[in-house]
Amino acid sequence: MQIYNTLIRRKEKMEPRQAGKISMYVCGPTTYNFIHLGNARPLVVFDTLRRYLRYKGYAVNYIQNFTDIDDKIINRAREEREDPILLARKYVEEYFRDADALNVLRADVHPRVSEHLTEIVEMVRLLMERGHAYEVDGDVYFDISSFSGYGKLSGRSPEDMQAGARVEVDPRKRHPMDFVLWKAAKTGEPAWESPWGPGRPGWHIECSAMSRKYLGDNFDIHGGGYDLIFPHHENEIAQSEAVTGNTFARYWMHNGFITVNQEKMSKSLGNFFLVREILDKFPPETVRFFLLSTHYRSPLDFDDEKLAASGRGLERIKNCIRLMDEAAGSSARQDMNGEDKVLAGLLERRRQEFESALDDDLNTALAIGIVFDAVGDINSYLHKASQGEAVCPAVISKARGLLEVFNSILGLFGTDASGKIILDGQDQGEGKLVGDLMDLIIRIRQEARLRKDWATADSIRNGLKDVGIILEDTPSGVRWKK
RNA sequence: GGCGACAUAGCCAAGUGGUAAGGCAGAGGACUGCAAAUCCUCCACUCCCCGGUUCAAAUCCGGGUGUCGCCUCCA
């Protein structure tokens, strides 16, 4: 598999440190609010990467942190007259509700800053001991001049950045780009004991300390949003490598932004949409599909019309699954004929194309194109079969199995424990009562149709449409779906 | 001021040297009482512009133009 590595600015072959195992760390949210769509992109992208690596047979150790101690949390808690720790805890819970809805699998560990003060203080202490940090009035700063590789990820030298500095420089810092490792507590703020007095960690040190605890001095993949390259990830490298003397992460992956009217969606611009709000209007699989329909490094512009178009595209895949299930249930042909073998061959080819798409820097947009190609192959086969011989259930089972493999990686549709795709509709969800009622309504309408009472038949169909149920008359019977 | 990314049909989007995937929307046909779904066919002589390299460029190089991002909390 090839991965675009921000460190060298090109794709390279991904070779894990240990054969068959991959360690991944992805920067998670600061929990002071519900997540917005921009926050959701890395979740879905790296979840998909993780699923694909698993599919390829790797044992993946996946760590995603929560920043639950931070200025923004403290400010928010003050506004709401709540305890900062409890507020952060609440938004961790809310985070999981959104992530679960988007079918993002839980990480192996979700470490929180508030539970790793010991490791963080120890790391700062080591940086002090080794001459990479200095203390001023209870604050501890990292001394970037002590780390020769500073700037290697973001591709800028300390001199470049000084030239355009847009912030007032704290005069207590030796170099303007020095950054805080430990902040002395102000009155009323949560604080933890340290050799430099009570305080709390700076933003960057947590990821260095927690990734080290769970993945060791070096690991394979570090992911996050593009805007974390500088300063966050640059600083993580400096801290970690200064302490360990080892290369930190080998492959750095950064997702592009979600934009609104071509502008970055961000909290400071106020143009963000909460995942929760979007899920009120669109099903979660549509949102996930939308997020994966563009390559992860490209910007992705959001609006309702684009999401709606994604939903219509997804419907095509769902229809294919419904058609397969109907056809398979109506046939018991055993032996494979020529058409069956042609489809079987095409399916195998699609599997390979799908894999090579994802092998090329997780090209989910291409992979989704391959899914549609497979859907076209299957629909054509079903159409031909409907006019001649019945389908061969064994080939249909293979086809459905292929879509389930695709789904196990893209994570679009809900499944049962064995990975079988479960769609809304008569299969499940509403329970037996709705199914029975639908059977009754359809029977009454069919009687009307037999009498050629089209007015009644159409009235029933239109009425159901108004409550969100689609009726489709087919030669073999009536199909309904939500 | 420094650094970087992107520009492909009405919309979304893949494609890094060999003659433009896929989806949405749209047109025609098949099927249907009608609709929907599905199938078949059509829908970019051309990839922001101008030069150059090459037998061959959307793809490489140079120069423009435009949009966006990072340098400050931000996925």
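Just so we're on the same page: letters track the sequence lines, and every chain starts at 1.
Defined by atom type and a distance below 3.5 Å, a donor-acceptor pair is missing between the side-chain atoms of A:H175 and A:S145. Side-chain contact check for A:N33 and A:K72: no donor-acceptor pair (N or O, by modelled atom type) lies under 3.5 Å. A donor atom on one side chain and an acceptor atom on the other are found under 3.5 Å apart for A:N319 and A:R322. When only modelled atom types and interatomic distance are considered, A:Q446 and A:R443 share no side-chain donor-acceptor pair under 3.5 Å.
Nucleotide B:U65 has B:A7 as its partner under the Watson-Crick or G-U criteria, with both atom distances under 3.5 Å. Across all strands shown, B:A30 forms a Watson-Crick or G-U wobble pair with B:U38, both key distances being under 3.5 Å. In this structure, B:A21 forms no base pair with any nucleotide, since neither Watson-Crick nor G-U wobble geometry is met with both distances under 3.5 Å. Here B:G1 sits opposite B:C71 as a Watson-Crick or G-U wobble pair (both hydrogen-bonding atom distances under 3.5 Å). Base-pair partner of B:U54: not found among the strands shown (Watson-Crick or G-U wobble, both distances under 3.5 Å). B:A44 is unpaired under the Watson-Crick or G-U wobble criterion, no partner having all donor-acceptor distances under 3.5 Å.
Along RNA chain B, the nucleotide nearest to A:N379 and the one nearest to A:I370 differ in position, and the one closer to the 5' end is contacted by A:I370. RNA chain B is contacted by both A:R449 and A:G28; A:R449 maps to the nucleotide lying nearer its 5′ end (nearest heavy atom per residue).
The nucleotide whose nearest atom lies closest to any side-chain atom of A:R479 is, among B:A37, B:C70, B:G4, B:A37. Here the nucleotide nearest the side chain of A:S380, chosen from B:C39, B:C73, B:U38, is B:C39. With B:C71, B:G33, B:A75 as the candidates, the nucleotide lying closest to the side chain of A:P42 is B:A75. Counting only heavy atoms from C-beta on, A:L366 has its side chain closest to B:A21 among B:C70, B:A75, B:A21. Among the nucleotides B:A13, B:C70, B:A37, the one closest to the side chain of A:N319 is B:A37. With B:G69, B:A14, B:A75 as the candidates, the nucleotide lying closest to the side chain of A:A365 is B:A14.
As rounded to whole Å, 11 Å separates atom P of B:U38 from atom CD1 of A:I317. To the nearest angstrom, P of B:C34 lies 17 Å from NZ of A:K465. Remark: C1' of B:G4 and CD of A:E234 are 14 Å apart, rounded to the nearest angstrom. Rounded to a whole Å, the NE2 atom of A:H254 is 12 Å from the C1' atom of B:C70. Between the CZ atom of A:F230 and the P atom of B:G4 there is a distance of 15 Å, rounded to whole Å. Rounded to an integer number of Å, the gap from A:F34 CZ to B:A75 P is 16 Å. Taking atom NZ of residue A:K306 and atom C1' of nucleotide B:C11, one finds them 8 Å apart after rounding to whole Å. One can place CD of A:Q387 at 10 Å from C1' of B:C40, the figure rounded to the nearest angstrom.
A:N255 comes within 4.0 angstrom of a nucleotide base, judged by non-hydrogen atoms across all strands. Heavy atoms of A:L300 sit nowhere under 4.0 angstrom from any nucleic acid atom. At a threshold of 4.0 angstrom between heavy atoms, the contacts of A:E472 include nucleobase atoms, whether or not backbone atoms are also involved. Counting non-hydrogen atoms under 4.0 angstrom, A:F290 reaches nothing in the nucleic acid. At the heavy-atom level, A:R445 lies under 4.0 Å from base atoms of the strands shown. Residue-level contact check: A:L471 touches the bases, meaning some heavy atom is under 4.0 Å from a base atom. Counting non-hydrogen atoms under 4.0 angstrom, A:G38 reaches a base of the nucleic acid. Backbone-only contact: A:T294 has heavy atoms under 4.0 Å from sugar-phosphate atoms and none from a base. Residue-level contact check: A:S266 touches the bases, meaning some heavy atom is under 4.0 Å from a base atom. Residue-level contact check: A:N39 touches the bases, meaning some heavy atom is under 4.0 Å from a base atom.
Between A:K318 and B:A37 there is no side-chain N or O to OP1 or OP2 distance below 4.0 Å. Residue A:R312 has a polar side-chain atom (N or O) positioned under 4.0 Å from OP1 or OP2 of B:A25. Listed pair A:K264 / B:C70 meets the phosphate criterion, a side-chain N or O lying under 4.0 Å from OP1 or OP2. For B:G4, the OP1/OP2 oxygens have no side-chain nitrogen or oxygen of A:S154 closer than 4.0 Å. Dashed line: the shortest gap from a side-chain N or O of A:R316 to OP1 or OP2 of B:C39 is under 4.0 Å. OP1 or OP2 of B:A35 has not a single side-chain nitrogen or oxygen of A:W454 nearer than 4.0 Å. Side-chain nitrogen and oxygen atoms of A:N363 include none within less than 4.0 Å of the OP1 or OP2 phosphate oxygen of B:A14.
B:C34 and B:A25 have their P atoms separated by 22 Å, with the value rounded to a whole Å. For the P atoms, the distance from B:A57 to B:C40 is 34 Å, rounded to whole Å. Taking the C1' atoms as reference points, B:A58 lies 11 Å from B:C48, given to the whole Å. Distance check on atom C1': B:C49 versus B:A35 gives 48 Å, rounded to whole Å.
The shortest side-chain heavy-atom distance between A:T364 and A:Y52 does not fall under the 4.5 Å cut-off.
A donor-acceptor contact under 3.5 Å links the side chain of A:D458 to the base of B:G33. Side-chain to base pairing of A:R461 with B:A35: one donor and one acceptor N or O lie within less than 3.5 Å of each other. Side chain A:D473 to base B:C34: a donor-acceptor pair is found below 3.5 Å.
Considering A:V104, A:V26, A:I409 as possible partners of A:D47, the one that fulfils the side chain to side chain contact (heavy atoms under 4.5 Å, CB included) test is A:V104.
A distance below 6.0 Å separates the ring centres of A:F34 and A:Y91.
Judged by a 6.0 Å distance limit and a 45° cone about the ring axis, A:R106 is positioned over the six-membered ring of A:F96.
No more than 12 heavy atoms of other residues, nucleotides or ligands sit less than 6.0 Å from atom CZ of A:R97.
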